[in-house]
Amino acid sequence: MKIEITANAFNPWQQLQSYEKILNDKYAGVYGAANIFVGTMRNYNEGDTVQSLFLEHYAGMTENYLAKVSKIALERWEIIDTLIIHRVGEIHLGETIVLIATWSGHRQAAFESCRFLIEELKSHAPFWKRETLQNNSVRWVKG
Amino acid sequence: MKIEITANAFNPWQQLQSYEKILNDKYAGVYGAANIFVGTMRNYNEGDTVQSLFLEHYAGMTENYLAKVSKIALERWEIIDTLIIHRVGEIHLGETIVLIATWSGHRQAAFESCRFLIEELKSHAPFWKRETLQNNSVRWVKG
Amino acid sequence: MTITVKFFASLREQVGKTETQIEFSDSLTVNKIWQQVTANKVLPKHILVAVNQEYASQDTTVKEGDEVAFFPPVTGG
Amino acid sequence: MTITVKFFASLREQVGKTETQIEFSDSLTVNKIWQQVTANKVLPKHILVAVNQEYASQDTTVKEGDEVAFFPPVTGG
């Protein structure tokens, strides 16, 4: 289980490659399915062109919350491991905002637990997006 | 849209990185969500330890079928693109068997279409698995 | 008329053929082709059929140059 | 008793504070703390509350050293 909140841009595919190397020390051949969700910064939201995005979070509570839902997922589904990486701070076009991955013996558990984690993150993890629009006006995304 | 059947081992994360580079020429900032399924060779199946796997396919029909379901997914969901890579031939422990990815504006379409593609592939794409067990006995996986 | 008949996976091993050509004069259904290449065995219900690389049924009629394939339930992915 | 009160995102901007300490003698609910730091404004229904970094309700009672946070609906991911 890994939870990381980072202010640095990251490449989701390189993160997955590195993480699977560690995972395979213990679980090579054990998992047969992985489901991955990657959320990326779009250039539009609610009909407006977005220039850049700032992500605020509640340091401490965010990590605790994500660890809690990861543990719930590991209990509720037959999954082997979970990974969540989430950006904070200033984010630019096309950069990854969030990466979620789950590994399991069979595909149903991988799909369902990955979906569960992103839905819980979106509805309860204390992150807030502030958008800078094309005309340089700034707004908080409404929840 | 990409469909590839390959007899060579491939790294799913490198494939995704390469494919997104091409995708971003046209769609940077347009997609906000990607869902990815990776199927990997397990060391067990139906209670037995599996040594290696051979994947047979119906060349031509397989590619046609996967192209057909990819087109259906692109029509049915608001997704931007789809990617399917599937191994054939001799496969060893921990190697990737299948990679499926879908990209969309929002997460629901990405999750649903990715799941749709793996379910269609599993139920109708003409691939057949032959397992070599620990005692060197060989069996075809039952569908 | 000539058509090509293909077999895959466990069925290929059971029938003992990968591919065969058959010649016939009348129009034939998939089911009749199966009987012709297997010496009048009954086509099992679980066996899948494709004509020209598209799924077809046992009643599909084939024509000159068609490719007919028989295979067991698929197990990829 | 001393407790720490935090505000996040748009609410932080509206209240004009990131963090403040308050002192009090009796046990207080989250709702009372909100009123104390905002000069008796009503705590809006959509505002979320955490005590010691766990979700809590407006009726949760806080104790010495607790950290209370108020924030708008979350929008990460």
Side-chain angles (χ1 to χ4, degrees), chain A residues 11-21 23-25 27-46 49-53 80 91-108 110-112 114-119 121-122 129, chain B residues 11-21 23-25 27-46 49-53 80 91-108 110-112 114-119 121-122 129:
Chain A
N11 179 311
W13 319 122
Q14 283 172 13
Q15 292 286 338
L16 286 161
Q17 196 167 337
S18 304
Y19 194 73
E20 274 204 346
K21 270 188 198 143
L23 196 67
N24 285 341
D25 287 345
Y27 293 119
V30 177
Y31 62 89
N35 192 241
I36 290 100
F37 176 77
V38 179
T40 308
M41 198 205 139
R42 290 189 315 252
N43 59 9
Y44 63 95
N45 192 30
E46 289 170 23
T49 299
V50 179
Q51 237 189 73
S52 73
L53 191 66
I80 284 156
I91 299 176
H92 296 98
L93 196 71
E95 288 181 354
T96 300
I97 299 172
V98 60
L99 163 64
I100 298 186
T102 58
W103 288 266
S104 61
H106 302 278
R107 70 189 180 283
Q108 184 172 343
F111 270 100
E112 288 182 4
C114 185
R115 185 75 191 265
F116 167 78
L117 288 175
I118 184 64
E119 297 300 333
L121 187 155
K122 286 251 179 199
K129 281 176 177 155
Chain B
N11 179 310
W13 319 122
Q14 283 172 15
Q15 291 286 339
L16 286 161
Q17 196 167 337
S18 304
Y19 194 73
E20 274 205 347
K21 271 189 196 141
L23 196 67
N24 285 340
D25 287 345
Y27 292 118
V30 176
Y31 62 90
N35 192 239
I36 291 100
F37 177 77
V38 179
T40 308
M41 197 207 141
R42 288 190 315 253
N43 59 9
Y44 63 95
N45 193 29
E46 289 172 23
T49 300
V50 179
Q51 236 188 78
S52 73
L53 192 65
I80 284 156
I91 299 176
H92 295 99
L93 195 71
E95 288 181 356
T96 299
I97 299 172
V98 61
L99 164 64
I100 298 185
T102 58
W103 289 265
S104 61
H106 302 277
R107 70 188 179 284
Q108 184 171 345
F111 271 99
E112 288 182 4
C114 184
R115 185 75 192 264
F116 167 80
L117 289 175
I118 183 64
E119 297 300 332
L121 186 154
K122 286 251 177 197
K129 282 176 178 156

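Counting heavy-atom pairs under 4.5 Å between each of Arg115(A), Met41(A), Glu119(A) and chain B puts Arg115(A) at the top. Counting heavy-atom pairs closer than 4.5 Å to chain B, the top-ranked of the candidates Ala28(A), Pro12(A), Cys114(A) is Cys114(A).
Between Asn43(B) and Val50(B) the shortest side-chain heavy-atom distance does not fall below 4.5 Å. Proximity of Arg107(B) to Phe37(A): side-chain heavy atoms (C-beta onward) are separated by under 4.5 Å at one or more points. Between Glu20(A) and Trp13(B), some side-chain heavy-atom pair lies under the 4.5 Å cut-off.
If you measure heavy-atom distances from Ala110(A) to chain B, you find no contacts under 4.5 Å at all. Contact of Gln108(A) with chain B is made through backbone and side chain together, with heavy-atom distances under 4.5 Å. Contact of Leu93(A) with chain B is made through the side chain alone, with heavy-atom distances under 4.5 Å. Of the two parts of Asn24(B), neither the backbone nor the side chain holds a non-hydrogen atom closer than 4.5 Å to a non-hydrogen atom of chain A.
Checking side-chain atoms of Tyr44(B) against main-chain N and O of Val30(A) turns up a donor-acceptor pair under 3.5 Å. For Asn35(B) (side chain) and Ile36(A) (main-chain N/O), a donor-acceptor pair under 3.5 Å exists by modelled atom type. The backbone N or O of His92(B) lies less than 3.5 Å from a partner atom in the side chain of Glu95(B), making a donor-acceptor pair. Of the possible donor and acceptor atoms, one in the side chain of Asn11(A) sits under 3.5 Å from a partner among the backbone N and O of Gln14(A).
Of all residues spanning residues 96-106 of chain B, those with a heavy atom less than 4.5 Å away from chain A's heavy atoms are Gly105(B), His106(B), arranged by number.
If you take CG on Leu53(A) and CZ on Arg42(A), they are separated by 10.0 Å, rounding to the nearest 0.5 Å.
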